[in-house]
Protein chains: 2
Amino acid sequence: MTRILVVDDEPQIVRALRINLRARKYDVDTAPDGASALHAAARQHPDLVVLDLGLPDMDGTEVIRGLRGWTVVPIIVLSGRADSQDKVDALDAGADDYITKPFGVDELLARVRAVTRRGQTAGEAVATITIGESVIDLGNRSIIRDGTDVRLSPTEWRLLEHLLRHPGKLHSQRALLHDVWGPQYLTESNYLRQYMARLRRKLEIDPTHPRHLLTEPGMGYRFRP
Amino acid sequence: MTRILVVDDEPQIVRALRINLRARKYDVDTAPDGASALHAAARQHPDLVVLDLGLPDMDGTEVIRGLRGWTVVPIIVLSGRADSQDKVDALDAGADDYITKPFGVDELLARVRAVTRRGQTAGEAVATITIGESVIDLGNRSIIRDGTDVRLSPTEWRLLEHLLRHPGKLHSQRALLHDVWGPQYLTESNYLRQYMARLRRKLEIDPTHPRHLLTEPGMGYRFRP
DNA sequence: CGCCGGCGTCAAAAGCGCGTCAACAAGCGT
DNA sequence: ACGCTTGTTGACGCGCTTTTGACGCCGGCG
């Protein structure tokens, strides 16, 4: 299920988008201003952000920059102003698309499909990965081990996915905490210890001697294929 | 250099785009109709396609479908029609963005930057350095020697990285101590002796006769490729 | 020929990162 | 309201990294 975070301060627009998106089987969260949008994104890790530029508390491009500091989640900007400079600023700040109000719902939905389509094809390259006797399907979010399927919590999935996206690459603790938990958890290394241990118990043949989910003392963690 | 294929049957628009894109250091190819566009894309593998929907020989969405059959190259659609249904059709056929004429050149350029931005993050070149029989990947922070991987502690990594960043350059002991351990360790040369020995044991074929991690007596240390 | 500073090496102590266990809080479906 | 899953937090001990000290070798120099 694709999670979409809608950021807008006009209740009727939020309501209209929520209804239309829910009808298309999207999971919708909402935020009324920039600060709560950044907080919600860090907490819920949406797959797409629909952002109105006219927010009460901060400039829209600042919200984009705040998101781009730590995530590459697609961002579609809504704006009442058709000024060319506004579009350039938002796109260069990191937005993926820019729609001028008033807009047709059909067009927005089509652009939602367009930007989410790219994210899917990017992850498709690493469709299935094997760790020990576990076969991991990132696309379907499923793991099969010894014929039975293994269940992972959302946080476990995000952590595992970050490690698997770049096989062999060392991920520093700060980077993992930043990407999985959010910018304000950079020093909570006990989270990492806890969840790496869970992943090893669920995936490694011998969790006390991991062969694929490796620790580099003082450096971070690494997935070895 | 990013290669852009511009598909349009109006010579003045093609000319304007070519001038503006060339000025931004893009490599520009052009095609006047759908058939030659498909042919050019297959032959030149552009990094981006700018496609006018109003082509003389075939429908624009057919061109998009023809491209999407074998490539995921980003496609930006130009169109004179602001009809919502046209946008939906083009985007669902596989276009990445849709701009309605008349459009500002600044906006087009910003959208070009937006769609090319994603592709860049995927394909990053890996710089790899060889010492004896050890292959060092600074990006992934990994070393492979004789098929098995070598583990380095954080201090060992920092020291090795400083030497490798400037091949052939002589690093004084004071400079290395300052950069690796900090300003208050400038005289602790025994640290350097200790850690240079550890690096040689892990990387050099014959640690007692180093061929790449060299000592310049009285001067400092040097990495010879 | 003997002294001396610089360097490589070994060994052991000190410090800290990491794995692990345990317990509690917060949702969430039943 | 209850039980289950998930997320959060604290504490402890082992093992690795870092730090520290000491010794021997070698070349330069008086």
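Any value given below was found using the heavy atoms of this structure, including those in side chains, with hydrogens, waters and symmetry copies removed. In the text below, chain A, chain B and the rest are named by the order of the sequence lines, each starting its count at 1.
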Write down the distance between [atom1] ([X]) and [atom2] ([N]), rounded to a whole number of angstrom.
X      : N      : atom1 : atom2 : value
B:Q173 : C:dG6  : CD    : C1'   : 9 Å
A:R174 : C:dG17 : CZ    : P     : 14 Å
A:R158 : D:dG7  : CZ    : C1'   : 11 Å
B:E156 : D:dC16 : CD    : P     : 14 Å
B:R193 : D:dC25 : CZ    : C1'   : 12 Å
A:M219 : D:dC16 : CE    : P     : 18 Å
B:L177 : C:dC7  : CG    : P     : 11 Å
A:E188 : C:dG17 : CD    : P     : 15 Å

Tell me whether the side-chain N/O atoms of [X] come closer than 4.0 Å to OP1 or OP2 in [N].
X      : N      : value
A:S189 : C:dG17 : no
A:Y195 : C:dT20 : no
A:W181 : D:dT8  : yes
B:T155 : D:dT18 : yes
B:Y221 : C:dG6  : no
B:R200 : C:dG8  : yes
A:R201 : C:dT20 : no

Donor/acceptor link under 3.5 angstrom from A:Q194 side chain onto base of D:dT8: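 Indeed, a donor on one side and an acceptor on the other fall under 3.5 Å apart.
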
hbond_proxy B:R198 side chain to C:dG8 base (donor-acceptor, 3.5 Å cutoff):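 No, no donor-acceptor pair under 3.5 Å.
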
A:L186: side chain to side chain contact (heavy atoms under 4.5 Å, CB included) partners, not counting sequence neighbours: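 If we apply the side chain to side chain contact (heavy atoms under 4.5 Å, CB included) test to A:L186, skipping adjacent residues, the hits are A:R174, A:H178.
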
Distance-only polar pair, side chains of A:S153 and A:R158, donor-acceptor under 3.5 Å: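 No.
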
Sugar-phosphate, base or nothing in reach of B:T215, heavy atoms under 4.0 Å: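 It contacts sugar-phosphate atoms only.
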
Ring center gap for B:W157 and B:Y195 short of 6.0 angstrom: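 Between B:Y195 and B:W157, which both carry aromatic rings, the centre distance is not below 6.0 Å.
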
Salt bridge flag under 4.0 Å for residues A:R224 and B:D149: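 Salt bridge flag = yes for B:D149 with A:R224.
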
Nucleotide nearest A:R151 when distance is taken to its side chain, options D:dG7, D:dT6, C:dC18: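 Ranking D:dG7, D:dT6, C:dC18 by closest atom to the A:R151 side chain puts D:dT6 first.
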
Options D:dT9, C:dC18, D:dT17, nucleotide nearest the side-chain atoms of A:Y191: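 Selected nucleotide: D:dT9.
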
B:H45 and B:W70 aromatic ring geometry - parallel, tilted or perpendicular at 30°/60° bounds: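 It falls in the perpendicular class, over 60°.
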
